[in-house]
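All remarks here apply to the structure that follows.
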Protein chains: 2
Amino acid sequence: MDPRRLLIFRTVARSGSLSAAAAELGWTQPAVGQHMQRLEREAGVPLLLRSARGITLTEAGTALLVHADAVAARLAAADAELQDFAALRTGSVQLVAFPSAAAVLVPPALAKLTPALDVRLTEAEPPEAVAQVLAGTADVGIVFGYADDPPLPTELVCLPLASDPLRAVVPLDHRLARRRRPIDLAELADERWIAGCPRCEANLRRLTTAAGFMPDIRHRTDDYVVVQRLVAESLAVTLLPQLALTAAPAPTVRAVPVRTEPRSIALVHRVEHALTPGVQALVAVLR
Amino acid sequence: MDPRRLLIFRTVARSGSLSAAAAELGWTQPAVGQHMQRLEREAGVPLLLRSARGITLTEAGTALLVHADAVAARLAAADAELQDFAALRTGSVQLVAFPSAAAVLVPPALAKLTPALDVRLTEAEPPEAVAQVLAGTADVGIVFGYADDPPLPTELVCLPLASDPLRAVVPLDHRLARRRRPIDLAELADERWIAGCPRCEANLRRLTTAAGFMPDIRHRTDDYVVVQRLVAESLAVTLLPQLALTAAPAPTVRAVPVRTEPRSIALVHRVEHALTPGVQALVAVLR
DNA sequence: TAACCTTACGCTGGTCGTAAAAATA
DNA sequence: TATTTTTACGACCAGCGTAAGGTTA
């Protein structure tokens, strides 16, 4: 059974005549008549009793009208729900961000969004975040990247958000603590070091190699609060991105500008979601 | 929203890929793809996430699938119900018949029908029965007609069922009670008469006029039981159709063949109901 | 007459198929 | 390579409009 004809039948049944239904549909009388003929032929049962005063439903027609009404109601409900998605009156977006972005960038962005959009935040370091977006576990990811990162799969869209400079973090009484001009990394060649997550450590090694030394790594943690406490006790120095320092500013350490390439912060999502209203809205407030 | 595309979307969602859906529908892949593109454009929201392993539903797509399933279920229910009507597993027919037909012709006919067809009998004399069928209050009418009746409206179909000869009904001790050969109406010119319903009385007057006399009408009733009791008491004679005598055979009177035109018994229904299974079935067992 | 219905027929446009290219595993 | 997708384009037929005819109130 062709569902379009069922809806035309509904219009005919409710309006009382083929011509009235045609007017309602913006068609001509024969167009509606042909549809009803085909519907009745396919049904195998007369549905309408024609007369010069319009139409009356047969018993089968009356029964069919109930179903037609139900179908029309469902279609209207489907339409309304899709419009809710399109107008951001409903829908949810899974957002995954690395910790300091989750702390600094995400909350003010979410505050700008309509509360009808259900954004759910989880934390993950970039490699895992990208994997989640690829797998569909997350819709939008906030990640950071270093200069020589491999390119992302073409399935993903990458929107640069900001450039995040690295700072050298030293104790308050360090000899470089009061320097205003950017220092060279080589000036920290003889320090003890704290390394962060694997990618950050790889980046650190790349930078120090370029600066001509091998860092003496004593501790490893990607927790920027712990890092700063270790530095405060003069146990080591480290490089931290400005974002992490903004997330947890510690008066017990000193962040000194250093001549290194900044890391880049970017937003990723699957290409198909370029038109998904929820993703679109979230991307818009994050940029 | 085009309901056909909703059903195609349902097939796609359930089969997991455009190509699998196309195979299921007996179409090609691009045909399905074009439908989905249009559906998404009209929806204003992406519904499918395409990949090389097939498709995944977006959140909006998942919501839409629920409605699509509901629509499909309703369409199936509508189809099933129409087939029930077509196969006489359901449905009802309003039958209106004049009293003696209701007594003699209808019961054995109904006994031959499937009990799933709900036939409802009411009694009415022909003029009213025809009016009911015209108005749609009844679907099938059993009526009788005389030679010079006006033609029926073209909106009605008339199927002759039988020819019903008239009998002269006289007391057992009447001088004509033992006659085997048909009598002439003129032989009853001097009797007292009982007339029936208005149409029957008109027919009686037409016949007697042709036979050359005016009947001395003493009583009027269309109840053929009452008629026969009156005759049994030798209060009058009358003409009764054979059908009425079959309905209520009375040993206390004598029915003698008489040379008159018989009345005709016919079945009427609206032309549109020629294809209605219930009407068709009822007509078939009544013929 | 006016309103409803059909039937007949021409033309448009939706929609399906074919063919080729692109992307992923 | 095999399977998925998309895009482009051609052809067909469903379906709408126009026009004419029939029936009832």
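As the structure is a computational prediction, the values presented were derived from the model and not from experiment. Chain letters run A, B, ... following the sequence lines, proteins first and then strands; every chain starts at 1.
- With dT6(C), dT18(C), dT18(D) as the choices, the nucleotide that has an atom nearest any side-chain atom of Gln29(A) turns out to be dT6(C).
- Salt-bridge formation is detected for the pair Arg199(A)/Asp149(A): a Lys NZ or Arg NE/NH1/NH2 atom is positioned less than 4.0 Å from an Asp or Glu carboxylate oxygen.
- Residue contacts shown for Thr28(B) include a base, since a base heavy atom lies under 4.0 Å away.
- Here Glu201(B) pairs with Arg220(B) in a salt bridge; the nearest charged N to carboxylate O distance falls below 4.0 Å.
- What separates CD1 of Ile55(B) from P of dT3(D) is a distance of 19 Å, to the nearest Å.
- Ranked by how close their nearest DNA chain C nucleotide is to the 5' end, Asp2(B) and Pro30(A) are led by Pro30(A).
- Contacts of Gly16(B) with the nucleic acid, taken as non-hydrogen atoms under 4.0 Å apart, are absent.
- Expressed to the nearest 0.5 Å, how far OG1 of Thr56(A) lies from CG of Leu47(A) amounts to 13.0 Å.
- Contact between the side-chain N/O atoms of Ser19(A) and the OP1/OP2 oxygens of dC5(C) is found at a separation under 4.0 Å.
- Of the side-chain N and O atoms in His35(B), one or more sit less than 4.0 angstrom from OP1 or OP2 of dC16(C).
- Along DNA chain C, the nucleotide nearest to Gly54(A) and the one nearest to Gln34(A) differ in position, and the one closer to the 5' end is contacted by Gly54(A).
- Aromatic ring pairs are classed by plane angle as parallel below 30°, tilted from 30° to 60° and perpendicular above 60°; the pair Phe98(A) and Phe144(A) is perpendicular.
- Protein atom CD1 of Ile8(A) is 6 Å distant from nucleotide atom P of dC16(D), rounded to whole Å.
- Using modelled atom types and a 3.5 Å distance limit, the side chains of Glu59(A) and Ser92(B) yield a donor-acceptor pair.
- Distance CD (Glu272(B)) to P (dT24(D)): 10 Å, rounded to an integer number of Å.
- Here Arg50(A) reaches the OP1 or OP2 of dT6(C): one of its side-chain N or O atoms lies under 4.0 Å away.
- When each of dT6(C), dT7(D), dC4(C) is scored by its nearest atom to the side-chain atoms of Gln37(B), the top-ranked nucleotide is dT7(D).
- To the nearest angstrom, P of dC16(C) lies 10 Å from CZ of Arg38(B).
- Going from atom CG of Leu39(B) over to atom P of dG14(C) covers 17 Å, rounded to whole Å.
- Closest contact between the side chain of Arg5(A) and the listed nucleotides dA23(C), dG15(D), dT6(D) involves dG15(D).
- The distance from atom CD of Glu155(A) to atom C1' of dA22(C) is 14 Å, rounded to the nearest whole Å.
- Remark: P of dC4(C) and CG of Leu48(A) are 15 Å apart, rounded to the nearest angstrom.
- Here dT6(D) presents its P atom at 9 Å from CD of Glu40(B), a figure rounded to the nearest Å.
- DNA chain D is contacted by both Ala20(B) and Thr154(B); Ala20(B) maps to the nucleotide lying nearer its 5′ end (nearest heavy atom per residue).
- Both Arg53(A) and Val32(A) sit near DNA chain D, but only Val32(A) has its closest nucleotide nearer the 5' end.
- Taking the side chain of Ala31(A) as heavy atoms from C-beta on, and the options dG17(C), dC16(D), dC5(C), the nearest nucleotide is dC16(D).
- A salt bridge is defined here as a Lys NZ or Arg NE, NH1 or NH2 lying under 4.0 Å from an Asp or Glu carboxylate O, and Arg206(B) with Glu261(B) meets this definition.
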